[in-house]
Each structure stands twice: as C-alpha cells, then as structure tokens.
Amino acid sequence: QGNYLAGLINYYKTQHYISNKYYAQAIQSKYAQQDINFKGNCYNNMGINYEILNMYPEAIKSYEQSLRIAEKLGDSTSIGQSKINIGLLNSKINRFDLAYSTILEALHYFKRQQDSANLSLCYQNLTVLCSFQNDYEKAIEFAQKSLQISLKTNNTFQIANDYYNISNNY
C-alpha cells in the first residue's frame, strides 16, 4: 500500500513516470495479489498517467487491464468508468467510431444499473465526442439528455456544464 500512496503523491506532484514506477511496484506486491480491486485501481491510475504523458497504447493497455479486473469483480461503476476512459482516449487518437461505441457500451451499462450520475457523465462525454466531429445537432441532443438527468438529480455543477455544452454547440 505504501507504493500506491507514493504513486498518488507523485501523480499530484506531476511526476507521472515516477508515479507509474510506484504503481507497477504496488501491482507486484503481495497485497495486490490478495486484493484484486487494489490491483485494478493501480492499473487505472497508471492509465491516467500514461494518458497525461501521451503514451496512448500503454494507457489503453492499463485501462483494459483495469476493466478486466472490474468485470471479474462485477464492479459496475469501475466497468463503466473504464469504458468511458477507453472511449475518451480513443477519441484523442482519432478513433471516433471505436470511442463512440465504447462510450455507448458504458451508457447502456449504466442504464441497466440505473446509475444516474454516470449515465449523465456518458451523455456528457458523447456530447464532447460529437462536438469534436462537428456533429453539433447530435451533441446538443446528448447534452439535453444529460441536462434532463442533472435536473432530476439536482446536480448543479453538471447542470451548469450541460448548459455550457448546449450553448457551445449552437
């Protein structure tokens, strides 16, 4: 667990290579072999670091390892969030079709789980993805769906973000 904390500290110090060194050590630890959820968190955090470092193949590999662990554990939130991470990363490397389908998978997953917060987040990410592709009509449609959820859950931060996304795509 000490290596995990050192990874976090170095992440916040923007020392992403060093952070990943500690996460890799944490993954090899006896504790990670016993606590697979801990191991999945390490892989997810490594993916974030790799993404920040523009090391996209390594980031996708780390996110996919985190996803496999989440699926093994049946951790619905981590499954959806991993799919969102993978989808957004694919959009950064211009794999828009793969990004779209991956985020849609997360969306359908969160619909089944009736997870309003993450459902709204999926719609928000689909908004951004469509906006990147200059499909403003579809971006507005997704932003409005996110807004409906945000209003129902009274998530003021998300409401403001949804209104911003709607206005940004007009």
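For reference, positions follow the sequence shown, starting with 1.
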> Is there a side-chain contact between N154 and T156 in this structure, where contact means two heavy atoms from C-beta onward sitting under 4.5 Å apart?
yes
> So, S120 side chain and A117 main chain: donor-acceptor pair closer than 3.5 Å or not?
no
> Main chain of F157, side chain of N161: is a donor-acceptor contact present, judged purely on distance under 3.5 Å?
no
> Hey, are the side chains of C130 and Y136 touching, using non-hydrogen atoms and a 4.5 Å cut-off?
no
> Answer yes or no: does atom OH of Y22 have more than 12 heavy-atom neighbours from other residues, nucleotides or ligands under 6.0 Å?
no
> Is the backbone N or O of S78 less than 3.5 Å from a side-chain atom of D75, with the two atoms forming a donor-acceptor pair by type?
yes
> Side chain of S167, backbone of Y164: donor and acceptor closer than 3.5 Å?
yes
> Quick check on the hydrophobic clustering: are I166 and I159 connected, directly or via other members, by side-chain heavy-atom contacts under 4.5 Å?
yes
> Treating T127 as the side-chain partner and A143 as the backbone partner, does any N or O pair qualify as donor plus acceptor under 3.5 Å?
yes
> Would you say I27 ends up clustered with I60 if hydrophobic residues are merged whenever their side chains have heavy atoms under 4.5 Å apart, either directly or through other cluster members?
yes
> Nearest 0.5 Å, please: how far is CD in Q25 from OG in S29?
10.0 Å
> For Y163, which residues count as a side-chain hydrogen bond (donor to acceptor under 3.5 Å, both in side chains) partner, sequence neighbours excluded?
none
> Can you list the steps and then say if N45 with Y4 is a side chain to side chain contact (heavy atoms under 4.5 Å, CB included)?
CA-CA 10 Å; N45 292 355; Y4 181 83; 3.1 Å; yes
> Within the structure provided, determine whether Y56 and K92 are in side-chain contact (heavy-atom separation under 4.5 Å).
yes
> Does the side chain of M46 reach to within under 4.5 Å of the side chain of N44, using non-hydrogen atoms?
no
> Do the side chain of D35 and the main chain of Y31 share a donor and acceptor less than 3.5 angstrom apart?
no
> Identify the heavy atoms of F110 and L119 that sit nearest to each other, and give their distance.
CB-N, 4.1 Å
> What's the shortest heavy-atom distance between N165 and Q124, and which atoms?
ND2-CG, 3.8 Å
> Check E51 against A59 and note the closest heavy-atom contact, atom names and distance.
N-CB, 3.7 Å
> Nearest heavy-atom pair of C42 and A26: which atoms, and what distance?
SG-CB, 3.8 Å
> Could you tell me if the ring centre of Y43 sits under 6.0 Å from that of Y63?
no
> Measure the shortest side-chain to side-chain distance between Q65 and I69 over non-hydrogen atoms and say whether it is less than 4.5 angstrom.
no
> Report whether I18 and M55 are members of the same hydrophobic cluster (ILVMFWY, side-chain heavy atoms less than 4.5 Å apart, transitive linking).
no
> Do I103 and N90 touch side chain to side chain, with heavy atoms closer than 4.5 Å?
no
> To the nearest 0.5 Å, what is the distance between CD (E64) and CG (L89)?
9.5 Å
> List for me each residue that meets side chain to side chain contact (heavy atoms under 4.5 Å, CB included) alongside S82, sequence neighbours excluded, and say none if there are none.
S66, L67
> So how far is it from K13 NZ to L8 CG, rounded to the nearest 0.5 Å?
12.5 Å
> Considering residues at least two apart in sequence or located in another chain, which fulfil the salt bridge (charged side-chain N to carboxylate O under 4.0 Å, His left out) criterion with K145?
E141
> Indicate yes or no: at least one non-hydrogen side-chain atom of N49 is less than 4.5 angstrom from one of Y23.
yes
> Would a distance-only check, ignoring hydrogens and angles, find a side-chain to backbone donor-acceptor pair under 3.5 Å from S19 to N10?
no
> Look at the side-chain heavy atoms of Ile, Leu, Val, Met, Phe, Trp and Tyr, link any pair under 4.5 Å apart, and say whether L147 and L129 land in one connected group.
no
> Please report the interatomic distance CD1(I149) to CG(N155), rounded to the nearest 0.5 Å.
10.5 Å
> Look at the side chain of S131 and the backbone N and O of V128, then say whether any donor-acceptor pair between them is shorter than 3.5 Å.
no
> Of the non-hydrogen atoms in T153 and S116, which two are nearest, and what is the gap between them?
CG2-CB, 3.8 Å
> Is there a path of hydrophobic side-chain contacts, each under 4.5 Å between heavy atoms, that joins Y123 and F96?
yes
> To the closest 0.5 Å, what do you measure between CD (Q133) and CG (D97)?
7.0 Å
> Does the Q144 side chain pair with the main chain of D162, one donor and one acceptor, at a distance under 3.5 Å?
no
> Could you grab the distance from atom CG of L73 to atom CZ of R68, nearest 0.5 Å is fine?
13.5 Å
> Is there a side-chain contact between Y11 and I52 (heavy atoms, below 4.5 Å)?
yes
> Taking atom CD as the centre, does E137 end up with more than 12 heavy-atom neighbours from other residues, nucleotides or ligands that are less than 6.0 angstrom away?
no
> With side chain to side chain contact (heavy atoms under 4.5 Å, CB included) as the test, would you mind laying out the steps for N125 and L107 before giving the verdict?
CA-CA 10 Å; N125 285 301; L107 177 90; over 6 Å; no
